[in-house]
Engineer: 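The structure under discussion is supplied below as structure tokens; questions concerning it will follow.
Values below: every heavy atom of this structure, side chains too, minus hydrogens, waters and symmetry copies.
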Amino acid sequence: MLVHSESCADVANLRASGAALIPMVTPAIARAYRNARMHSCYHFTLQARGVVEAMQYPPHAFEESTVVYEDATMPLCRVCMGTHGALDRLILPPGVR
């Protein structure tokens, strides 16, 4: 998920294109989408409300990024900024995921 401010120009463009957006109060966003990323227009401590955009990434392998948090055991993925979890370390047959 990507969180925008309500006044973000991208939100207006996304609405015009028919994208599904979810307006919410910031505490609800923090509880419901703990791993959401903040767009450059939004910050959890500065805005009382935000607009949640569901991001869709094509299937991809984990690509190590330069983003590594101090207490993290591994860096985030360069493509989706996720961790991919333990499944990516397993060798699974095609189509299992």
Engineer: Do Tyr42 and Ile29 come close enough that some side-chain heavy atom pair is under 4.5 Å?
Structural biologist: yes
Engineer: About how many Å separate CG of Leu46 and OG of Ser5, when rounded to the nearest 0.5 Å?
Structural biologist: 11.0 Å
Engineer: Transitively linked via ILVMFWY side-chain contacts under 4.5 Å: Leu2 with Val11?
Structural biologist: no
Engineer: Return the set of residues passing side-chain contact (heavy atoms from CB on, under 4.5 Å) with Ala32 (not counting sequence neighbours), or none when no residue passes.
Structural biologist: Met24
Engineer: Does anything in residues 10-33 form a salt bridge (charged side-chain N to carboxylate O under 4.0 Å, His left out)? List the pairs, not counting sequence neighbours.
Structural biologist: none
Engineer: Just distance, no hydrogens or angles: give the donor-acceptor pairs under 3.5 Å from side chains in residues 48-55, sequence neighbours left out.
Structural biologist:
unit_1	atom_1	unit_2	atom_2	d
Arg49	NE	Glu6	OE2	3.1
Glu53	OE1	His4	NE2	2.7

Engineer: Where do Glu64 and Pro75 come nearest, in terms of heavy atoms and distance?
Structural biologist: CG-CG, 3.0 Å
Engineer: Between Phe44 and Thr26, which heavy-atom pair has the shortest distance, and what is it?
Structural biologist: O-CG2, 3.4 Å
